[in-house]
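Beneath this line is the structure, given in structure tokens, with notes to follow.
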Amino acid sequence: MKGCDDMGFKQQKKLSVVEEIYLIENGLNEKMFNTYLNKYYGGKTLEELQPFQQKKILNWMQSRIEYEEMALDNISSWALEHGYF
């Protein structure tokens, strides 16, 4: 029975592309998501897009969050080096 419970947990843990995009969007400091949809997809909602389009947006958003995290790391490193913390 434990194997069934583990299987259900793994299925619940896996997010859809749409859910993952919304989670990343919530974590971004700049709210560019709607601008991106308007500019490149004519204002369609995420759910109206084809799966390959959703994956393209997910890749873009993942790169944005990585960029922001790196920028924060650089600021923190500079501040530590210069005695601000």
Closest non-hydrogen atom pair, Leu37 against Lys44 =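 Closest heavy-atom pair between Leu37 and Lys44: CD1-O, 3.6 Å.
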Report, as yes or no, whether the 6.0 Å neighbourhood of atom OH on Tyr36 holds more than 12 heavy atoms from other residues, nucleotides or ligands.
->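 More than 12 heavy atoms, drawn from other residues, nucleotides or ligands, come within 6.0 Å of this atom.
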Spacing of [atom1] belonging to [X] relative to [atom2] belonging to [Y], to within rounding of 0.5 Å:
X     : Y     : atom1 : atom2 : value
Leu58 : Gln62 : CG    : CD    : 4.0 Å
Ile57 : Leu49 : CD1   : CG    : 5.0 Å
Tyr41 : Gln54 : OH    : CD    : 9.5 Å

For side chain to side chain contact (heavy atoms under 4.5 Å, CB included), just list the numbers for Trp60 and Lys55, CA-CA rounded to whole Å, side-chain angles, deciding distance to a tenth of an Å, and then say yes or no.
-> CA-CA 9 Å; Trp60 170 75; Lys55 286 184 181 189; over 6 Å; no
